[in-house]
J.: 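Attaching a single structure in structure tokens format; questions to follow.
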Amino acid sequence: MLGPVILAASRSDKMRRFVSAAPGTKQVVARFIAGESVDDVVPIVQELSDRGLEVTLDVVGEDITTVEQSHAARDAYLELIGRLKELGLGERAEMSVKLSMFGQSLENGHELALANVRPVVAAAAEIGTTVTLDAEDHTTLDSMFAIHEELRKTHPQTGCVIQAYLFRTEDDARRLAANGSRVRIVKGAYKEPASVAIQDKPEIDKAYVRIMRILMDGEGYPMIGSHDPRLIAVGQELARRAGRKLDEYEFQMLYGIRSEEQHRLAAEGHRMRVYTAYGTDWYGYFMRRLAEKPANLLFFVRSILTKG
């Protein structure tokens, strides 16, 4: 029951101030956030790449309120792409983008977000990589999928994310698999009402497996975003049954979580991509990581008590 409470707290300015000021916060945030700047994250990309891992990079920050902030988010990604180009890391690192950060929730937000993300997608393609559009709460998805479809007209490698706990997702998966998209499947990390999302965790897992099967049997490129050993094993079996080669799908995990498993999968020849977030506006991202796994919250609380 802690998950919904933490997710509600992720939108609270009062809780943001409390968590930011807590003595142990910096230590725990460093477990999930790779740094605050491009200079912090680039050595980590290089290190992960040297170990046979691939990366998707997320400049954290969602709750923007002005057009100028949306342009700043665009420019932060363009700066990142420039640094990856300098180091020749384009083929090992893609970008993950939240369209809310690009202005989706502002007035004329759909058009603004599309205008902001276009140059990022184009710049990524120039260095041999691509962009995946992250899924956010259910009210934003029709806009996200429409932008995804538009971007794929010129850059068909553009990816998107689907969330297993939403009732709509099996239909979305069938449509995307038929179109040959790059699709990341995750369980879902937003507080959604029972009218649109499955609330029971075992049922979410069952939906996840059904959606993995759709993607593996389809014409696209599945990206399995999970730390759950059972779901990873099922994904491997579904890929085998579908006759997929090891480079025809991939696994994705978060930076700082199950690192040994990441290296194990890579050593077995699987494509293993590490979702690596960085930036100063880390609060919303951090709170969702706590909500996803109670052990993360316990680790945070122990750190506060130890430092207090």
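Nothing fancy with the numbering, it's 1 onward along the sequence. For clarity, every value in this text was computed on a predicted model and none was experimentally measured.
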J.: If you look at every heavy atom in Gln104 and Ser143, which pair is closest and at what distance?
T.: NE2-OG, 3.0 Å
J.: Mind checking whether Leu133 and Val131 have side chains closer than 4.5 Å, heavy atoms only?
T.: yes
J.: Evaluate whether atom CZ of Arg230 has more than 12 neighbouring non-hydrogen atoms of other residues, nucleotides or ligands under 6.0 angstrom away.
T.: no
J.: Quick check: closest heavy atoms across Ala113 and Leu99, and the distance to 0.1 Å?
T.: CB-O, 4.0 Å
J.: Sub-3.5 Å donor-acceptor pair from the side chain of Gln262 to the main-chain atoms of Ile257, do we have one?
T.: yes
J.: If you group Ile, Leu, Val, Met, Phe, Trp and Tyr by side-chain heavy-atom gaps below 4.5 Å, do Leu53 and Tyr255 land in one group?
T.: yes
J.: Please examine the side chains of Ser70 and Leu112, heavy atoms only from C-beta on, and report whether any two atoms are closer than 4.5 Å.
T.: yes
J.: Taking side chain to side chain donor-acceptor pair (under 3.5 Å) as the criterion, tell me which of Gln157, Glu250, Arg244, Arg182 meets it with Tyr221.
T.: Glu250
J.: Rounded to the nearest 0.5 Å, how far apart are CG of Leu89 and OG1 of Thr129?
T.: 10.5 Å
J.: Between Arg74 and Val117 (side chain of the first, backbone of the second, donor and acceptor by atom type, cut-off under 3.5 Å), is there such a pair?
T.: no
J.: Under 4.5 Å between side-chain heavy atoms, counting indirect links through other Ile/Leu/Val/Met/Phe/Trp/Tyr residues: same cluster for Met223 and Val234 or not?
T.: no
J.: Scan side-chain atoms only and decide if Gln163 and His138 contain a donor-acceptor pair under the 3.5 Å cut-off.
T.: no
J.: Answer with yes or no whether the hydrophobic clustering places Ile232 together with Met272; edges join I, L, V, M, F, W, Y residues whose side-chain heavy atoms lie under 4.5 Å apart.
T.: yes
J.: Could you tell me whether the side chain of Arg273 and the main chain of Val55 form a donor-acceptor pair under 3.5 Å?
T.: yes
J.: So that I can tick it off, tell me whether Arg83 and Glu79 are bridged by a salt bridge, with the cut-off set at under 4.0 angstrom between side-chain N and carboxylate O.
T.: no
J.: Measure the CD1-CG distance between Ile224 and Leu215 for me, rounded to the nearest 0.5 Å.
T.: 6.5 Å
J.: Under 4.0 Å between a side-chain nitrogen and a carboxylate oxygen: does that hold for Asp247 and Arg271?
T.: no
J.: Salt bridge check, Arg264 against Glu268: does any charged N sit closer than 4.0 Å to a carboxylate O?
T.: yes
J.: For Ile64 and Met101, which heavy atoms make the closest approach, and how far apart are they?
T.: CD1-O, 3.3 Å
J.: Does one side chain, of Glu136 or Ser100, offer a donor that lies under 3.5 Å from an acceptor on the other?
T.: yes
J.: If you measure from the Lys or Arg side-chain nitrogens to the Asp or Glu carboxylate oxygens, is any gap between Arg258 and Asp228 under 4.0 Å?
T.: no
J.: Quick one: pull up CG in Leu84 and CD in Gln46 and give me the separation to the nearest 0.5 Å.
T.: 10.0 Å
J.: Short question: side chain of Asn179, backbone of Ser181 - any donor-acceptor pair under 3.5 Å?
T.: no
J.: Any side-chain heavy atom of Phe251 within less than 4.5 Å of one from Tyr249?
T.: yes
J.: Do Glu54 and Ser49 meet the criterion of a side-chain donor-acceptor pair at a distance under 3.5 Å?
T.: no
J.: Measure across Val41 and Ala34 and return the closest heavy-atom pair with its distance rounded to 0.1 Å.
T.: CG2-CB, 3.9 Å
J.: Just verifying a value: how many Å separate Thr66 OG1 and Leu106 CG, rounded to the nearest 0.5 Å?
T.: 7.5 Å
J.: Decide yes or no on salt bridge (charged side-chain N to carboxylate O under 4.0 Å, His left out) for Arg175 and Asp172, but give the supporting numbers first.
T.: CA-CA 5 Å; Arg175 172 177 55 82; Asp172 289 329; 3.3 Å; yes
J.: I want to check something: taking the side chain as every heavy atom from C-beta on, are Thr158 and Thr132 in contact at a cut-off of under 4.5 Å?
T.: no
J.: Between Glu149 and Arg152, is there a side-chain N and carboxylate O pair less than 4.0 Å apart?
T.: no
J.: Is a side-chain donor or acceptor of His227 paired with a backbone partner of Met253 at a separation under 3.5 angstrom?
T.: no
J.: Determine yes or no for a side-chain-to-main-chain donor-acceptor pair under 3.5 angstrom, with Thr140 supplying the side chain and Asp137 the backbone.
T.: yes
J.: Should Glu150 and Arg118 count as an ion pair when the cut-off is N to O under 4.0 Å?
T.: yes
J.: Determine whether Val274 and Thr56 make a side-chain contact, defined as any pair of heavy atoms from C-beta on separated by less than 4.5 Å.
T.: no
J.: Taking Ile185's backbone N and O only, do any of them form a donor-acceptor pair with Tyr208's side chain (distance below 3.5 Å, no angle check)?
T.: yes
J.: What are the two closest heavy atoms between Val59 and Ala76, and how far apart are they?
T.: CG1-CB, 4.2 Å
J.: What I want to find out is whether Glu248 reaches Lys245 closely enough, with some N-O distance under 4.0 Å, to be called a salt bridge.
T.: no
J.: Would one find more than 12 heavy atoms of other residues, nucleotides or ligands at under 6.0 Å from atom CD of Glu107?
T.: no
J.: Take Tyr165 and Tyr190, measure what side-chain contact (heavy atoms from CB on, under 4.5 Å) needs, and give me the verdict at the end.
T.: CA-CA 10 Å; Tyr165 67 173; Tyr190 290 84; 3.4 Å; yes
J.: Taking the side chain as everything from C-beta on, heavy atoms only, tell me whether Leu57 gets closer than 4.5 Å to Glu94.
T.: no
J.: Please check if any side-chain donor atom of Asp39 sits under 3.5 Å from a side-chain acceptor atom of Ser37, or the reverse.
T.: no
J.: Check for a donor-acceptor pair, side chain of Tyr77 on one end and backbone N or O of Ser96 on the other, with a separation under 3.5 Å.
T.: yes
J.: Looking only at atom types and distance, does a side-chain atom of Glu170 sit under 3.5 Å from a main-chain N or O of Ala164, one as donor and one as acceptor?
T.: no
J.: If I compare all heavy atoms of Ile81 with all of Ala124, which pair ends up nearest, and what's the gap?
T.: CD1-N, 3.8 Å
J.: For Asp58 and Tyr275, test the side chains for any donor-to-acceptor distance below 3.5 angstrom and give the result as yes or no.
T.: yes
J.: Going through the checks in order, is the salt bridge (charged side-chain N to carboxylate O under 4.0 Å, His left out) test met by Asp205 and Lys187?
T.: CA-CA 8 Å; Asp205 287 351; Lys187 289 185 180 181; 3.0 Å; yes
J.: Do Leu151 and Leu114 make a side-chain contact, defined as non-hydrogen atoms from C-beta onward lying under 4.5 Å apart?
T.: yes
J.: Does a side-chain heavy-atom distance below 4.5 Å link Ile198 with Lys206?
T.: no
J.: Between Asp171 and Arg174, does any side-chain N to carboxylate O distance fall below 4.0 Å?
T.: yes
